[in-house]
2 protein chains.
Amino acid sequence: MTPPKLLDDKALKERELLIINTAVLLIQRNGIENLTMDKVVTQVPFSKGTVYKHFVGKEDLLLAISNHSIKVLGDLFHRAYQFKGCARSRMLLLNFSYLIYAMLYPALFQTVLCAKSPNVVGKSSEKHINEGERLEIKLMTSIHGIVEDGLADSSLELPMNMDIQQLCFSNWSMAYGAITLLSSEVEQCSGRTSLIVERELFNLSNMLYDGMGWKPFTKDRSHCAELKIALAELFPEELAQIKAKGRELNFDSFS
Amino acid sequence: MTPPKLLDDKALKERELLIINTAVLLIQRNGIENLTMDKVVTQVPFSKGTVYKHFVGKEDLLLAISNHSIKVLGDLFHRAYQFKGCARSRMLLLNFSYLIYAMLYPALFQTVLCAKSPNVVGKSSEKHINEGERLEIKLMTSIHGIVEDGLADSSLELPMNMDIQQLCFSNWSMAYGAITLLSSEVEQCSGRTSLIVERELFNLSNMLYDGMGWKPFTKDRSHCAELKIALAELFPEELAQIKAKGRELNFDSFS
DNA sequence: AAACGTCAGTGACGATTCGTCATTGTTAAA
DNA sequence: TTTAACAATGACGAATCGTCACTGACGTTT
């Protein structure tokens with residue numbers, strides 16, 4: 001009467017990842033708007049029914065891709081968190097790791113944005129929705145850690161009766177807004193508009209940190225030169241890949 | 001031989017608006033993820049072919065709704081711009097008009113977010129895409145005007161070699177990020193999380209303005225009391241409607 | 001070893017939704 | 001009245017979705 005276990009979790013995870021990666025390739029090739037389950041099924045050594053065992057529908061698959069993408073971003077964030085340097089610099093570095101992510105993996109970035117739409121969330125499984133929330137919280141922990149370091153070394157004090165979570169959210173929402181709004185420009189080489197994403201992100205971050213009273217203030221330190229060095233040290237491969245795509249982070253147009 | 005004009009522009013515009021409003025009602029009732037062209041057609045005194053005369057497809061209709069929503073928001077922004085008061089207060093007020101909009105018209109707000117997805121943009125007509133860009137620029141002009149007023153009365157100086165457009169974008173992307181990320185919380189009465197959207201928006205705005213060096217600084221003025229009065233004067237109806245929905249802007253939890 | 005039960009896998013199928021287009025109706029000039 | 005251009009219709013084919021009845025493989029029971 002013991003129900004036989006025929007499939008181990010490992011194999012299931014592997015298969016799930018294979019489906020996700022296949023879907024990402026299709027998104028890269030045809031655009032997210034043309035992704036269909038039928039196409040995914042033909043590109044995968046399983047039948048439709050099996051795919052639907054893993055994902056209750058197309059939207060659920062999208063959310064799973066989004067979750068996977070957030071994991072990738074979480075790794076970049078963690079590297080920024082671990083960098084040696086003052087807290088404020090590392091927070092700026094973290095924001096730029098977000099930008100690098102958006103430039104390097106546009107399909108993933110795009111999918112995360114799409115997955116935020118109620119169109120997707122409304123049709124997804126509880127399991128993947130909860131996983132997504134967990135992952136976003138995890139993302140926040142890197143930010144959290146940097147803020148705590150800033151508080152610990154007294155370069156930062158909590159302003160306006162705010163708590164740590166609020167401060168983390170401030171930085172996150174600011175970076176999110178800037179990169180999202182300029183993400184359409186992120187991919188192209190030359191900006192049609194006069195807004196340059198790396199410059200706006202840099203200025204916006206510094207204004208916010210100055211407003212928080214986070215030392216060293218902009219007037220006392222060349223954050224730009226520091227950032228340039230840190231990026232080259234922490235993300236050499238990623239910067240090279242971006243360059244290979246014909247795009248490049250340009251810090252010369254602003255001091 | 002003169003080709004007869006049978007439909008005037010006015011009637012066309014009216015019909016387009018009727019279709020849009022019908023679709024908005026359906027979104028409110030069934031959620032944006034369940035909007036179908038067939039349902040729209042049955043709710044409208046025209047046939048499918050006629051609807052498709054106006055909108056090349058479902059996504060194009062969504063974009064048109066988004067554009068319509070941006071017009072509504074533009075009106076709120078303009079009222080904030082015209083308010084009497086110091087520039088910095090008005091900018092804060094403008095951000096809060098954005099929040100009011102998100103709370104009062106969740107379906108519209110949601111549609112604007114969805115319409116940003118490449119899923120939608122990729123399948124829409126040039127006409128509506130261009131119209132959307134025009135409308136967003138128009139939105140910016142209210143922000144632009146307030147910044148210029150701040151420069152004119154010397155309460156603000158351009159920091160870090162930035163130009164006016166960059167400053168406008170900073171405020172916009174910050175407000176966008178905060179409200180978007182907390183929009184899922186915007187509708188519900190009590191916050192499960194410890195983040196309260198009106199409080200975060202208030203703090204984030206003030207930190208940014210302080211960082212810009214925009215006077216009067218937070219330490220010198222009770223922006224909160226001022227904002228409370230301004231909101232009551234400028235958006236009495238809207239605040240009442242929000243209250244009627246069971247939600248209320250709460251300023252007591254922070255000074 | 002035969003019968004049985006459980007579960008993974010399959011892909012044909014019905015249902016839904018989309019967008020088109022051949023047809024019909026309408027208007028105003030000739 | 002005829003005609004030409006425009007407007008409106010809704011039946012239809014195509015695409016996509018997600019389900020479900022069936023098959024087969026494997027371990028357990030008899």
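Remember, predicted model here, so these are calculated numbers, not experimental data. Residue numbering restarts at 1 for every chain, and letters A, B, ... go by the order of the sequence lines.
The side chain of B:S47 has D:dT9 as its nearest neighbour among C:dG11, D:dT16, D:dT9.
Atoms CG (A:N34) and C1' (D:dA14) sit 15 Å apart, rounded to a whole Å. Rounded to an integer number of Å, the gap from B:H54 NE2 to C:dG19 C1' is 16 Å. In this structure, B:E16 atom CD and D:dA7 atom C1' are separated by 16 Å, rounded to whole Å. For the pair B:K58 NZ and C:dT20 C1', the interatomic distance rounds to 18 Å; values are reported in whole Å. In this structure, the NZ atom of B:K123 is 12 Å from the P atom of C:dT20, given to the nearest Å. B:L12 has its CG atom 8 Å from the P atom of D:dA7, to the nearest Å. Atom CZ of B:F55 is separated from atom P of C:dT20 by 15 Å (rounded to the nearest Å). Between A:D38 atom CG and D:dT19 atom P the separation is 14 Å, expressed in whole Å.
The side chain of B:T50 contributes no N or O atom lying less than 4.0 Å from OP1 or OP2 of D:dA7. In this model, the phosphate group of D:dA8 is approached by a side-chain N or O of B:R15 to a distance below 4.0 Å at OP1 or OP2.
No donor-acceptor distance shorter than 3.5 angstrom exists from the side chain of B:N95 to the backbone of B:A175, with no hydrogens or angles considered.
Between B:L73 atom CG and B:S97 atom OG the span is 6.5 Å, to the nearest 0.5 Å. Distance check, rounded to the nearest 0.5 Å: CD1 of B:I146 to OG1 of B:T141 gives 10.0 Å.
Where A:P45 and B:Y52 meet DNA chain C, the nucleotide closest to each residue was compared, and A:P45 sits on the side nearer the 5' end.
Contact annotation for B:K53: no contact, since no heavy-atom pair falls under 4.0 Å across all strands. Residue A:G57 is in sugar-phosphate contact alone, with no base atom involved, counting any heavy-atom pair closer than 4.0 Å across all strands shown.
The base of C:dG19 is paired with the side chain of B:K48 by a donor and an acceptor separated by under 3.5 Å.
Between B:E131 and B:K127 no salt bridge is recorded (no basic side-chain N to carboxylate O distance below 4.0 Å).
By the 6.0 Å contact criterion, NE2 on A:H54 is enclosed, its count of non-hydrogen atoms from other residues, nucleotides or ligands being greater than 12.
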